[in-house]
Number of protein chains: 4
Amino acid sequence: MLPNTEHDGQSRSFIEEARRAQIVTAAVETIAEVGYHRASMGRIGARAGISRGLISYHFAGKSELIAQVVTTVYTDVAAFMTPMIDAETTYAGELRAYIRSNLEYMRAHPARMVALVEILTSGGLADLPEADPDAFDRQLREPLEQLFEAGQASGEFRDFDVTVMARIVRGVIDAVPTALSRDPDLDIDCHLREITTALDLATRPVPSTPEQT
Amino acid sequence: MLPNTEHDGQSRSFIEEARRAQIVTAAVETIAEVGYHRASMGRIGARAGISRGLISYHFAGKSELIAQVVTTVYTDVAAFMTPMIDAETTYAGELRAYIRSNLEYMRAHPARMVALVEILTSGGLADLPEADPDAFDRQLREPLEQLFEAGQASGEFRDFDVTVMARIVRGVIDAVPTALSRDPDLDIDCHLREITTALDLATRPVPSTPEQT
Amino acid sequence: MLPNTEHDGQSRSFIEEARRAQIVTAAVETIAEVGYHRASMGRIGARAGISRGLISYHFAGKSELIAQVVTTVYTDVAAFMTPMIDAETTYAGELRAYIRSNLEYMRAHPARMVALVEILTSGGLADLPEADPDAFDRQLREPLEQLFEAGQASGEFRDFDVTVMARIVRGVIDAVPTALSRDPDLDIDCHLREITTALDLATRPVPSTPEQT
Amino acid sequence: MLPNTEHDGQSRSFIEEARRAQIVTAAVETIAEVGYHRASMGRIGARAGISRGLISYHFAGKSELIAQVVTTVYTDVAAFMTPMIDAETTYAGELRAYIRSNLEYMRAHPARMVALVEILTSGGLADLPEADPDAFDRQLREPLEQLFEAGQASGEFRDFDVTVMARIVRGVIDAVPTALSRDPDLDIDCHLREITTALDLATRPVPSTPEQT
DNA sequence: CATGAATGAGACTTCATTCAT
DNA sequence: CATGAATGAAGTCTCATTCAT
């Protein structure tokens with residue numbers, strides 16, 4: 001689904017991987033700083049301290065570079081979040097850990113998160129000929145949907161449409177990087193607390209009190 | 001020299017207004033379809049069936065066109081939502097009406113909403129010299145913040161940070177156009193129902209048996 | 001040589017002549033104010049308070065309009081200068097009158113003069129397909145050359161190359177509008193006095209004092 | 001990103017300098033041939049045998065290219081004239097050397113001189129954001145004004161307004177490139193002789209028999 | 001007579017990409 | 001491996017000109 005990290009199945013030399021990583025880092029920082037559609041290859045190269053041509057040498061094109069950025073950040077986020085989620089013993093706890101770990105990642109690597117959201121919301125994926133935005137969407141929602149289904153079965157969550165609730169959660173979380181990019185001093189703790197509480201209330205079983213019209 | 005720089009909406013000819021409206025419509029559709037940064041004046045003109053030059057004839061530049069699109073859609077959305085919200089008698093009802101009217105507007109004019117979100121998230125506002133993204137953000141959150149403050153005072157809402165909750169609401173709602181642009185057959189009723197319920201639960205006062213960790 | 005003032009030999013209606021004169025005036029003022037290459041038909045029309053189209057209706061194209069401006073101003077200058085020159089009784093007096101009348105015209109109609117020089121120095125003539133810059137040059141020098149030849153024959157002027165001296169005189173005079181366009185408060189009296197003296201000394205017979213090496 | 005914005009003439013590669021020089025030369029020739037406002041980057045590139053984009057690669061924009069042309073030619077002219085002027089021992093001699101060296105430069109590099117005058121008279125400087133036409137004017141007149149003041153103090157020149165006389169001298173000299181561009185076979189020797197004599201007569205002290213009206 | 005809508009050419013600039021060195 | 005020169009496409013904007021009303 002996502003572009004391969006390996007070229008023709010052959011592993012890359014150490015120096016090549018280092019260069020690619022350096023370029024990806026420069027791309028992340030550039031996109032986070034000036035926005036996706038102003039992050040030209042020239043600007044990315046300038047930030048990395050290398051020439052335009054070298055980027056083209058290491059990446060088949062801008063598409064591949066952007067795809068690599070997405071893959072790298074996404075993989076990194078997952079590697080950061082997964083253990084924190086798995087450490088939980090309840091589904092509600094997992095949801096809270098999902099939110100917490102995601103926002104903690106933003107605090108630790110704001111540029112990566114801002115860049116990722118920039119790419120996803122600025123049509124960066126549309127520039128990838130082979131990438132399927134739908135598939136990417138689904139891939140993002142899937143862990144949440146499974147979490148919700150399991151939690152509903154166990155009675156920890158009330159009965160709701162898991163797909164829509166997954167979109168709700170992603171929507172709430174994805175709004176943070178945007179706010180973060182506009183105000184770097186954003187109070188993440190406050191957001192973490194409020195978002196966790198709000199989504200906890202939105203997903204927990206409703207007490208027997210009659211619902212308001 | 002050009003009509004648009006002289007009068008500010010006061011005395012444009014009928015035919016000019018019609019053309020401007022047509023161009024704005026074409027811009028909306030184009031942006032919704034191919035994304036903001038691929039919606040060139042050429043493509044917009046092609047969709048409108050007119051030449052590139054004619055757009056420049058009616059709009060001082062791309063900036064003015066985009067600004068007009070934002071203004072038009074935003075005004076239209078507000079005109080659609082306001083009466084529905086004002087018809088409510090409770091703050092919780094107003095929040096539900098806010099969500100409902102916003103999503104109903106999306107159902108009625110999906111392209112407009114997609115285009116608006118595209119512009120706002122793709123740095124389109126950054127291309128407008130005078131526009132302040134922060135100010136626009138605040139403008140979007142303000143009605144919600146005021147609604148929440150009033151509702152908290154009346155006891156209809158629990159105690160939460162109104163700014164963060166406003167961002168949550170906008171985040172949830174703004175995720176819909178993106179989903180809508182990827183799946184035009186999206187079940188809006190389902191989303192409406194689920195989002196309304198979720199945000200209702202997230203904002204209403206918590207019953208006396210707290211179970212939060 | 002110069003573009004015809006009449007169209008196909010047929011005389012124009014009164015109203016048409018009035019419009020043409022109005023447009024020429026607007027063109028003169030526009031060129032004097034913003035320079036030749038920024039004086040678009042649109043700007044000229046705006047200053048005249050009429051539409052772009054109307055200019056095209058009255059003039060075959062921008063070329064004809066510019067040609068008309070040149071012709072009009074040149075004719076006007078000549079009509080102003082000729083009587084003042086003819087009133088003189090000596091050739092040296094005629095030269096002084098030539099300079100004086102030319103600078104007095106600049107004082108009376110600075111815009112016209114600035115516009116004319118703008119056109120001549122900004123390649124405006126090159127835009128006229130049929131106009132021959134050489135011929136125009138010759139036409140400007142001819143009266144001076146004849147004046148010099150007559151004055152040399154009568155002994156009022158020393159022996160010099162009349163063509164070069166004509167270029168010198170035009171060069172000195174043509175430098176004034178440029179200075180005038182940069183400083184509208186230029187002291188024309190001072191320039192008139194100094195230029196007259198300088199050219200008088202440059203053309204009068206040299207006393208028997210041995211020339212300096 | 002672009003080499004030219006970073007270092008100011010300090011560390012450009014040899015090949016880059018060569019290209020820049022080639023482009024400047026092509027610009028000079030193009031401007032001299034078709035005039036300033038018709039010398040598009042396309043035409044300049046065509047004459048240099050390179051693509052439009054390459055000019056943008058080496059120069060930040062047309063402004064910088066034109067500025068470079070002005071600087072190059074102006075520096076070159078000064079380097080050519082200064083030693084010839086400094087070799088003189090009298091102020092009158094310096095004035096003659098000023099004229100002579102300037103016209104000799106025109107003979108050696110007619111295109112450069114024509115191009116420079118084209119730019120200066122066609123509003124080319126107005127296209128340069130930072131350039132102040134007034135300052136440039138003053139810069140051109142200043143050496144002459146100082147020369148005149150010194151010469152007047154020493155009694156080699158008569159009493160006249162040094163600013164106006166400087167304008168006279170520049171006006172006379174600047175008329176030559178225009179004539180040269182219309183007739184490449186212009187007799188420069190003749191112009192040199194006549195102009196030198198005329199300005200010599202115009203500035204030297206007047207013998208005791210004034211006959212001015 | 002006059003307008004203003006409309007077109008299309010041309011200009012400057014940015015950028016991804018290719019390639020010789 | 002790496003550079004930087006070079007290209008060409010695409011985009012925005014200006015402008016002279018045409019034409020229906």
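For the numbers below, each heavy atom of this structure counts, side chains included, while hydrogens, waters and symmetry mates do not. The sequence lines fix the lettering, A, B, ..., with proteins before strands; numbering per chain opens at 1. Computed from a predicted model, the values in this text were never measured in an experiment.
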Protein and nucleotides 9-12 of chain E: nitrogen or oxygen contacts under 3.5 angstrom:
from	atom 1	to	atom 2	distance (Å)
dA11(E)	OP1	R43(D)	NH2	3.4
dC12(E)	OP1	K62(D)	NZ	2.7
dC12(E)	OP2	M41(D)	N	2.8

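Checking dG8(E), dT3(F), dT3(E) against the side-chain heavy atoms of I50(C) singles out dT3(E) as nearest. Closest to the side chain of L54(B), out of dG8(F), dA5(F), dA5(E), is dA5(E).
When the side-chain contact (heavy atoms from CB on, under 4.5 Å) test is applied to M41(B), the partners found at least two apart in sequence or on another chain are I55(B), K62(B), L65(B). For Y74(B), the side-chain contact (heavy atoms from CB on, under 4.5 Å) partners two or more places apart in sequence, or in a different chain, are F136(B), Q139(B), L140(B). In terms of the side-chain contact (heavy atoms from CB on, under 4.5 Å) criterion, residue partners of T71(D) (sequence neighbours excluded) are, by chain and number, Q68(D), T75(D). Checked against salt bridge (charged side-chain N to carboxylate O under 4.0 Å, His left out), R47(B) has the following partners two or more places apart in sequence or in another chain: E29(B), E33(B). For A67(D), the side-chain contact (heavy atoms from CB on, under 4.5 Å) criterion is met by L128(D), not counting sequence neighbours. R19(A) pairs by the side chain to side chain donor-acceptor pair (under 3.5 Å) definition with Q22(A), not counting sequence neighbours.
Distance, Y36(B) OH to dG11(F) P: 13 Å, rounded to whole Å. dA5(E) atom P lies 11 Å from atom CD of E17(B), rounded to whole Å. Counting to the nearest Å, the C1' atom of dT17(F) and the CD1 atom of I44(C) are 14 Å from each other. Between the OH atom of Y57(A) and the P atom of dT21(E) there is a distance of 18 Å, given to the nearest Å. In this structure, the CD atom of E16(B) is 16 Å from the P atom of dT3(E), given to the nearest Å. Rounded to whole angstrom, the span from the NE2 atom of H58(B) across to the C1' atom of dT12(F) amounts to 17 Å. At whole-Å resolution of the value, CD1 in I55(A) and P in dC15(E) are 13 Å apart. Atom CD in Q22(D) sits roughly 13 Å away from atom P in dA5(F) (whole-Å rounding).
Stem analysis of DNA chain F (Watson-Crick or G-U pairs, both distances under 3.5 Å, runs of at least three) returns E:2-21 with F:2-21.
Side-chain contact between F59(D) and V24(D) is present, with heavy atoms from C-beta onward closer than 4.5 Å.
Looking at E64(B) and R20(B), a side-chain N of the basic residue comes within less than 4.0 Å of a carboxylate O on the acidic one, giving a salt bridge.
Relative ring orientation between H37(A) and H37(B) is described as tilted, the plane-to-plane angle lying within the 30° to 60° band.
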